[in-house]
S.K.: 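Mind looking over this structure? Questions follow.
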Protein chains: 2
Amino acid sequence: MPHNHDELLKHVSADMPSDELLQDLGDLFKVFGDTTRIKIMYALYEDEMCVCAIADLLKMTQSAISHQLKVLKAANLVASRREGKTIYYRLADEHVKSIIGQGYDHITE
Amino acid sequence: MPHNHDELLKHVSADMPSDELLQDLGDLFKVFGDTTRIKIMYALYEDEMCVCAIADLLKMTQSAISHQLKVLKAANLVASRREGKTIYYRLADEHVKSIIGQGYDHITE
DNA sequence: TGAACATATGAGCAATCGTTCATATGTTAA
DNA sequence: TTAACATATGAACGATTGCTCATATGTTCA
């Protein structure tokens with residue numbers, strides 16, 4: 001007969017966050033899980049940038065960048081402000097750098 | 001004529017990590033970007049678990065869990081040891097908790 | 001108002017991803 | 001050695017993703 005781990009499961013289950021939170025965590029990291037979006041976030045590390053500057057920097061179309069900025073914004077990772085025709089994006093808060101920094105540490109250890 | 005940001009780009013480019021590192025970062029976060037894998041990592045937060053216990057816990061097939069453990073192991077996020085027929089998986093290091101913790105902070109702020 | 005610029009958005013498509021199913025590998029005990 | 005258990009793996013399929021292309025929206029200036 002297969003071995004039993006009901007006790008263990010009861011204990012571990014009790015410590016698991018809600019399904020909703022677990023889903024949100026996955027969704028958040030999914031946003032970090034794309035090189036283009038990582039590059040955009042790094043581009044904004046020091047200062048805000050307009051969409052066309054990011055597109056120039058990454059040698060990608062304005063449309064592609066715009067789509068990805070929308071994803072980043074929906075996850076509250078970037079924020080924007082308008083100045084005339086131009087829209088400047090910036091990192092939304094310090095968590096962005098913290099998360100990327102922790103990832104960096106894991107890779108370069 | 002479109003506006004020019006050559007100077008800005010030169011500055012930002014200089015501060016960007018290598019393409020290889022950026023790719024690695026995206027690949028790493030991609031592994032965190034799935035609810036099943038997040039659940040597995042949370043299950044291993046306190047202690048190691050065998051594959052079938054994880055499968056029971058998450059109510060998923062042993063095969064699905066095994067496939068995901070392989071992904072987690074390839075990213076050095078979990079490690080394993082064999083004890084007879086059973087293989088126990090554990091978190092590979094403290095970075096896993098740090099990264100998830102930072103994500104948690106971002107969501108619950 | 002109309003032209004030029006900056007950005008956003010929707011549809012479509014190729015590529016990637018996560019699961020299932022069937023089966024293989026590895027270990028133990030009779 | 002054979003049966004039972006634990007885990008791993010490859011193929012296949014549906015779902016999701018990131019890009020492109022065309023076009024829409026919003027802003028400024030002449």
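Convention: sequence-line order gives letters A, B, ...; per-chain numbering from 1. No experiment lies behind these values; they were computed from the predicted model shown.
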S.K.: Anything under 30° is parallel, anything over 60° is perpendicular, the rest tilted; go ahead and classify B/H106 against A/H95.
M.R.: perpendicular
S.K.: For C/dG18, take OP1 and OP2 only and decide whether either is under 4.0 Å from a side-chain N or O of B/R37.
M.R.: yes
S.K.: I need the CZ-C1' distance between A/F29 and C/dC17, as an integer number of Å.
M.R.: 19 Å
S.K.: Please determine, for the side chain of A/T61, which listed nucleotide (C/dC5, D/dG18, D/dT20) has the closest atom?
M.R.: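 Nucleotide nearest to A/T61's side chain: D/dT20.
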S.K.: Could you pull out the closest heavy-atom pair between B/G103 and A/L25, with the gap in Å?
M.R.: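 Closest approach of B/G103 to A/L25, heavy atoms only: C-CD2, 3.7 Å.
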S.K.: Of all heavy-atom pairs between A/S80 and A/K73, which one has the smallest distance, and what is that distance?
M.R.: OG-NZ, 2.6 Å
S.K.: D/dA6 phosphate, OP1 or OP2: any side-chain N/O from B/S66 under 4.0 angstrom?
M.R.: no
S.K.: What residues in residues 68-87 of chain B put a non-hydrogen atom under 4.0 Å from any atom of DNA chain D?
M.R.: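 The answer is B/K70, B/K85, B/T86, B/I87.
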S.K.: In whole angstroms, how far is the P atom of C/dG18 from the CG atom of B/L58?
M.R.: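 After rounding, the reported distance stands at 15 Å.
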S.K.: Within this structure, what is the CG-to-P distance between B/D27 and D/dG18, rounded to whole angstrom?
M.R.: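 Value for this atom pair: 13 Å.
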S.K.: For A/Y89 and A/L44, work out which heavy atoms get closest and say how close.
M.R.: O-CD2, 3.4 Å
S.K.: Which heavy atom of B/F32 sits nearest a heavy atom of B/I100, and at what distance?
M.R.: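 Looking at all heavy atoms of both residues, the closest pair is CE2-CG1, 3.8 Å.
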S.K.: Starting from P on C/dT19, measure out to NZ on B/K59 and report it in whole angstrom.
M.R.: 16 Å
S.K.: With a 4.0 Å heavy-atom cut-off, tell me which residues in residues 45-57 of chain A come close to DNA chain D, sorted by residue number.
M.R.: none
S.K.: Whole Å only: how far is the CD1 atom of B/I38 from the C1' atom of C/dG18?
M.R.: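 To the nearest whole Å, that distance equals 15 Å.
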S.K.: Would you call A/H67 stacked on C/dT9, i.e. ring centres under 5.5 Å apart with the planes less than 30° off parallel?
M.R.: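 Yes.
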S.K.: Measure NE2/B/H5 against C1'/C/dC5 and give the value in whole Å, please.
M.R.: 11 Å
S.K.: Looking only at non-hydrogen atoms, find the nearest pair between A/A43 and A/L57 and report the distance.
M.R.: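 Distance-wise, the nearest heavy atoms are CB-CD2, 3.5 Å.
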S.K.: Check this for me: does the side-chain of A/S63 come within 3.5 Å of the base of D/dC19 through a donor and an acceptor?
M.R.: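 No, no donor-acceptor pair under 3.5 Å.
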S.K.: A/M60 CE to C/dT7 C1': how many Å, rounded?
M.R.: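 Taking CE of A/M60 and C1' of C/dT7, I get 16 Å after rounding.
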S.K.: Which heavy-atom pair separates B/C50 from A/H3 by the least distance, and what is that distance?
M.R.: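 Reported closest heavy-atom pair: SG-NE2, 3.4 Å.
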S.K.: Has B/R82 got a side-chain atom pairing as donor or acceptor with B/I87's backbone, closer than 3.5 angstrom?
M.R.: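 Looks like no, no N/O pair under 3.5 Å.
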S.K.: For D/dA6, does OP1 or OP2 lie under 4.0 Å from any side-chain N or O of B/Y89?
M.R.: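 So the side-chain polar atoms of B/Y89 never come under 4.0 Å of the phosphate oxygens OP1 or OP2 of D/dA6.
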S.K.: Please evaluate the base of C/dA6 for a donor-acceptor partner in the side chain of A/Q62 within a cut-off of under 3.5 Å?
M.R.: no
S.K.: In terms of hydrophobic clusters joined by side-chain contacts under 4.5 Å, are B/Y42 and B/Y88 together?
M.R.: no
S.K.: Could you tell me whether B/Y88 contacts a base, only the sugar-phosphate backbone, or nothing, with contacts defined as non-hydrogen atoms closer than 4.0 Å?
M.R.: nothing
S.K.: Mark yes or no: B/K97 above the aromatic ring of B/Y45, with NZ or CZ under 6.0 Å from the six-membered ring centre and no more than 45 degrees from the axis.
M.R.: yes
S.K.: Please give, in whole Å, the distance from D/dC21 P to A/I65 CD1?
M.R.: 15 Å
